[in-house]
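All figures in this text were calculated on a predicted structure; none of them were measured in a lab. By convention here, the first residue in the shown sequence is residue 1.
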Amino acid sequence: MNFIKASIQRYQLGSLLLLVLLLAVVLPLSLDIFRLNLVGKYLTYAFVAVGLVMVWGYGGVLSLGQGVFFGIGGYAMAMFLKLEASDPVSTKIQTTPGIPDFMDWNQITELPTLWLPFKSLPLSLALVVLAPMALAWLISFAMFKRRVGGVYFAIITQAVALICTVLIIGQQGYTGGVNGMTDLKTLLGWDTRTDSAKYVLYYVCVALLVGSILLCRWIQTSKLGTLLLAMRDKEDRVRFSGYDVSNFKVFIFCLAAGLSGIGGAMFALQVGFMSPSFVGIVPSIEMVIFCAVGGRMSLVGAVYGALLVNAGKTLFSESFPDLWLFLMAALFIGVTMAFPMGLAGVWEEKIRPWWKSRRQALRDAAVKPPAPTVSATPASQPVEPALPEGIGSQRA
């Protein structure tokens, strides 16, 4: 018991336990399956926000192209699901049975070589993580080894997001083009559209998210986390101390890309489609906003930021279809100006100190000894002054 308590205090897992209670107990009991599936969709974006806490909050590297890695992970899973949905029996009306429908529409007569690894589920799951990390390594290694950082790196990641979007849309015969990959219904024969399947996928998403947070928290409390903070604040001092700063940046950027790929794969499973609209510049900037609203130094805060922003987007679009974009912009600007460190900053700087002082005041009041009570002498009975020793006996 003491070990568990010490671990919770060391890794600051109290807020994570509250998040698990909310996601695993409160929301499933209080929401219907449609709304719960929406929450599961929001949680897929939280993977990207958690990765941004590591690469931006701790590493000091702002990436405006995380949607690329989210999309790569989503497309890797969608390609496996699409191949399963395109069996010869289901596609017997096509000119070439056994290939995805958009390939048949574009007069492709055989499965491209790029698609062959996605016939295997284990290999597809590996590529969900490895493919985004490989692209992230190419980008970060080329940039960080040449000491390209700051706003220049952010602009380069935006350019990569734009290039990937154009590439996916242009290669319609291989990627489905602007429509993306749709009609993703089964996973190894298991229908992912049923209510029970949605519950299972939701809890899988929650478990993977909690595991990702624990991994990142372990990194933060290790020597590597200390070096990341030192590198963010005084990069030259870390370099002059003998460390290769570029290797740390490459590692943390690849870690964030891998987490984004997991989120994209869970998105494809829960929503049932994948399109280039999740790869471009706009969704990448929105993902940065998730992190900023929750707090770029807080892993749990980033999850709350993703939930809050996406829930607000859904609520505003349903209630105010003509004004919801303005309301979302007001939310972003207001939170950024009023709370520069996000919701987590409000908790750490305002609520938590107040709560601690309040508890301490109650504790002090409980242990403070009661004040002594002085019995009042009745006014009708005068008090005889004390006489010196011996005088009383002489009077007697």
Identify the heavy atoms of [X] and [Y] that sit nearest to each other, and give their distance.
X    : Y    : answer
S15  : V300 : OG-CG2, 3.8 Å
P132 : G73  : CG-N, 4.1 Å
V279 : A161 : O-CB, 3.7 Å
G59  : M231 : O-CE, 3.6 Å
M297 : L229 : CE-CD2, 4.0 Å
I99  : L111 : CG2-N, 4.0 Å

**Message:** Just by distance, no angles: are the side chains of E84 and T186 close enough, under 3.5 Å, to form a donor-acceptor pair?
**Reply:**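 Yes, because at least one side-chain N or O of E84 sits under 3.5 Å from a partner of the opposite role on T186.
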
Backbone N/O of [Y] and side chain of [X]: donor-acceptor pair under 3.5 Å:
X    : Y    : result
S120 : P117 : no
S222 : I219 : yes
S298 : G295 : no
S90  : D87  : no
R237 : A230 : no
Q94  : D104 : no
Y203 : A24  : yes
S275 : G180 : no
T44  : G264 : no

**Request:** Just do the salt bridge (Lys or Arg N to Asp or Glu O under 4.0 Å) check on D244 and R239 with the steps written out, would you?
**Result:** CA-CA 6 Å; D244 192 343; R239 183 180 290 110; over 6 Å; no

How far does [atom1] of [X] sit from [atom2] of [Y], to the nearest 0.5 angstrom?
X    : Y    : atom1 : atom2 : answer
Q66  : L259 : CD    : CG    : 9.5 Å
F80  : L121 : CZ    : CG    : 4.5 Å
M133 : L127 : CE    : CG    : 12.5 Å
I213 : L208 : CD1   : CG    : 11.5 Å
M181 : L81  : CE    : CG    : 10.0 Å
L23  : L16  : CG    : CG    : 9.5 Å

**Request:** Check the pair S124, M77 against side chain to side chain contact (heavy atoms under 4.5 Å, CB included), reporting the backbone distance first and the verdict last.
**Result:** CA-CA 6 Å; S124 300; M77 178 56 66; 5.6 Å; no

Heavy atoms, side chains only, cut-off 4.5 Å: are [X] and [Y] in contact?
X    : Y    : answer
T96  : I108 : no
Y45  : F278 : yes
S140 : F251 : no
S63  : W56  : no
N310 : F290 : yes
W190 : T192 : yes
V250 : W137 : yes
V53  : Q220 : yes

**Salt bridge present between D32 and R35 (N-O < 4.0 angstrom)** =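 No, this pair does not count.
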
**Prompt:** Can we say R147 and E235 salt-bridge, meaning some charged N sits less than 4.0 Å from an Asp/Glu carboxylate O?
**Reply:**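 No, no charged N to carboxylate O under 4.0 Å.
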
**Request:** Can you tell me which residue pairs pass the salt bridge (charged side-chain N to carboxylate O under 4.0 Å, His left out) test with a partner in residues 272-291, sequence neighbours excluded?
**Result:**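 Checked against salt bridge (charged side-chain N to carboxylate O under 4.0 Å, His left out) - neighbours excluded - the pairs reaching residues 272-291 are E286-K313.
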
Would you say [X] and [Y] are hydrophobically clustered, going by side-chain heavy atoms of ILVMFWY under 4.5 Å?
X    : Y    : value
L130 : L255 : no
V206 : L18  : no
V148 : V245 : yes
Y202 : L22  : yes
M143 : I163 : no

**Asked** Please walk me through it: do D191 and T194 pass side-chain hydrogen bond (donor to acceptor under 3.5 Å, both in side chains)?
**Response** CA-CA 6 Å; D191 192 349; T194 62; 5.6 Å; no

**Request:** Verify the ring-centre separation between F248 and F144: is it less than 6.0 angstrom?
**Result:**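 Ring centres of F248 and F144 not closer than 6.0 Å.
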
**Message:** Taking the ring of F69 and the ring of F253, is the distance between their centroids below 6.0 Å?
**Reply:**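 Here the rings of F69 and F253 have centres that are less than 6.0 Å from each other.
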
**Item:** Stepwise side chain to side chain contact (heavy atoms under 4.5 Å, CB included) check, F267 with K41
**Value:** CA-CA 6 Å; F267 179 89; K41 173 187 172 182; 3.8 Å; yes

[X] atom [atom1], neighbour heavy-atom count above 12 within 6.0 Å:
X    : atom1 : value
Y199 : OH    : yes
K119 : NZ    : no
Y174 : OH    : no

**Prompt:** Is there a side-chain hydrogen bond (donor to acceptor under 3.5 Å, both in side chains) between T314 and Y42 once you walk through the steps?
**Reply:** CA-CA 10 Å; T314 301; Y42 304 157; 2.4 Å; yes

**Request:** Evaluate the criterion side chain to side chain contact (heavy atoms under 4.5 Å, CB included) for residue pair F141 and R146; output intermediate values, then yes/no.
**Result:** CA-CA 8 Å; F141 188 84; R146 292 167 175 79; 6.0 Å; no

**Asked** Excluding sequence neighbours, so at least two apart, what forms side chain to side chain contact (heavy atoms under 4.5 Å, CB included) with Q158?
**Response**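 Q158 satisfies side chain to side chain contact (heavy atoms under 4.5 Å, CB included) with L64, I281, I285 once adjacent residues are dropped.
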
**Message:** The test is side chain to side chain contact (heavy atoms under 4.5 Å, CB included); show your working for K82 and L184 and say whether it passes.
**Reply:** CA-CA 6 Å; K82 191 64 177 178; L184 309 178; 4.0 Å; yes

**Message:** Test question: given the 4.5 Å side-chain rule for I, L, V, M, F, W and Y, name all other residues clustered with L29, or answer none.
**Reply:**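 When side chains under 4.5 Å apart are linked, the cluster holding L29 also contains L21, V25.
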
**Asked** Do the ring planes of F102 and W115 sit parallel (below 30°), tilted (30 to 60°) or perpendicular (above 60°)?
**Response**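 Judged by the thresholds at 30° and 60°, the geometry between F102 and W115 is tilted.
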
